[in-house]
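Right, one structure below, let's go through it.
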Amino acid sequence: MNGEDIRTFAPGTNWAYRGRNIELIAAIIQFATKRNIADIVNEEVFKPLNLTETNWYNELDETFAEVIREQNGEFWSVSSNIDGSQMNMYASAREFAQWGLLHLNTGKYNGKQLIQPEILKLATTIHSPSFPTPDLPENGFLWYVKGS
């Protein structure tokens with residue numbers, strides 16, 4: 001921690017989505033597009049879907065559901081950064097359902113293609129290594145995925 005990479009398990013034995021990984025992806029996206037993840041998703045998805053209860057938040061609200069996580073886990077923290085590179089995007093159940101429907105419709109909403117199907121496939125295809133233990137996490141690109 002404190003800016004240093006640490007190993008929490010032996011290579012090939014486990015997988016974890018860590019903030020460092022997301023920060024690197026976010027930096028690459030911002031470098032390539034000159035826009036941060038939050039700006040891209042707000043303009044390309046949230047606004048066209050008229051989502052008003054979904055966004056990145058820099059303060060917790062009593063209406064937010066607690067994230068399922070290890071209590072006092074060292075890899076979870078609330079961040080004041082709302083550029084899309086941190087673990088602080090929240091959605092209402094209603095809007096999360098709209099997000100799911102957008103995925104089911106391969107990125108189309110009201111006949112308009114908001115997200116290219118290839119991007120959704122990247123997000124929902126498992127990219128984490130295969131492990132013999134089926135209970136270990138599986139992840140897509142900026143998205144938790146469970147193949148089994």
Side-chain angles (χ1 to χ4, degrees), residues 1-9 11 14-70 72-131 136-148:
M1 301 301 293
N2 298 328
E4 294 180 26
D5 288 326
I6 62 171
R7 178 172 287 158
T8 54
F9 34 80
N14 204 336
W15 165 263
Y17 225 163
R18 298 283 194 244
R20 176 81 82 189
N21 305 341
I22 298 301
E23 289 168 13
L24 179 59
I25 291 169
I28 291 168
I29 289 170
Q30 183 150 0
F31 178 80
T33 66
K34 308 298 185 241
R35 298 164 60 197
N36 65 44
I37 292 170
D39 289 342
I40 293 168
V41 174
N42 274 310
E43 287 298 315
E44 307 294 330
V45 181
F46 296 167
K47 284 184 181 177
L49 288 175
N50 297 314
L51 300 184
T52 60
E53 301 168 328
T54 302
N55 215 327
W56 283 266
Y57 294 92
N58 56 9
E59 291 183 21
L60 294 178
D61 181 294
E62 70 275 356
T63 64
F64 294 170
E66 184 61 48
V67 173
I68 299 171
R69 60 186 170 86
E70 182 181 319
N72 301 318
E74 64 181 309
F75 298 106
W76 175 265
S77 64
V78 177
S79 173
S80 61
N81 182 331
I82 55 172
D83 70 359
S85 67
Q86 302 299 312
M87 301 176 274
N88 54 345
M89 188 182 96
Y90 291 88
S92 67
R94 171 183 31 258
E95 291 188 356
F96 196 61
Q98 284 181 267
W99 184 250
L101 188 58
L102 183 68
H103 278 71
L104 286 173
N105 291 325
T106 60
K108 286 185 182 176
Y109 176 73
N110 285 341
K112 183 179 179 191
Q113 192 74 49
L114 297 183
I115 303 173
Q116 294 303 312
E118 298 83 7
I119 292 174
L120 290 176
K121 186 171 181 174
L122 274 174
T124 58
T125 298
I126 296 171
H127 295 286
S128 52
S130 295
F131 296 106
L136 293 176
E138 296 173 309
N139 299 282
F141 182 66
L142 300 173
W143 201 254
Y144 288 109
V145 177
K146 193 65 178 165
S148 58

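- Between the side chain of K34 and the backbone N or O of F31, at least one donor-acceptor pair lies under 3.5 Å.
- For E95 against T52, the heavy-atom pair with the smallest separation is OE2-N, 2.8 Å.
- When all heavy atoms of S85 and A26 are compared, the closest pair comes out as CB-CB, 3.5 Å.
- Between the CH2 atom of W99 and the CZ atom of F46 there is a distance of 5.5 Å, given to the nearest 0.5 Å.
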Show me the donor-acceptor pairs within less than 3.5 Å that the side chains of residues 108-116 make with the rest of the protein, sequence neighbours left out.
from : atom 1 : to   : atom 2 : distance (Å)
Q113 : NE2    : T106 : O      : 2.7
Q113 : NE2    : I115 : O      : 2.6

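- When the side chain to side chain contact (heavy atoms under 4.5 Å, CB included) test is applied to N58, the partners found at least two apart in sequence or on another chain are S80, I82.
- Taking Y57 as the reference, F64 meet the ring pair (Phe, Tyr, Trp, His ring centres under 6.0 Å) condition, with sequence neighbours excluded.
- Heavy-atom minimum distance, M89 versus T54: CE-CG2, 4.4 Å.
- Residues satisfying the side chain to side chain contact (heavy atoms under 4.5 Å, CB included) test with L122, not counting sequence neighbours, are H127.
- Side-chain atoms of N42 do not come within 3.5 Å of backbone N or O of N55 as any donor-acceptor pair.
- Evaluation of the side chain to side chain donor-acceptor pair (under 3.5 Å) rule for K121 yields no partner, not counting sequence neighbours.
- Across all their heavy atoms, L49 and Q98 have their closest contact at O-NE2, 3.6 Å.
- Scanning for side chain to side chain contact (heavy atoms under 4.5 Å, CB included) contacts around Q30 gives N36, with sequence neighbours left out.
- The salt bridge (charged side-chain N to carboxylate O under 4.0 Å, His left out) analysis of residues 24-33, with sequence neighbours excluded, yields no pairs.
- Looking at residues two or more places apart in sequence or on another chain, you find a side chain to side chain donor-acceptor pair (under 3.5 Å) between S92 and E53.
- Looking only at side-chain heavy atoms (C-beta outward), D83 and W56 stay at 4.5 Å or farther from each other.
- Here the CD1 atom belonging to I119 is positioned 11.5 Å from the OG1 atom belonging to T124, to the nearest 0.5 angstrom.
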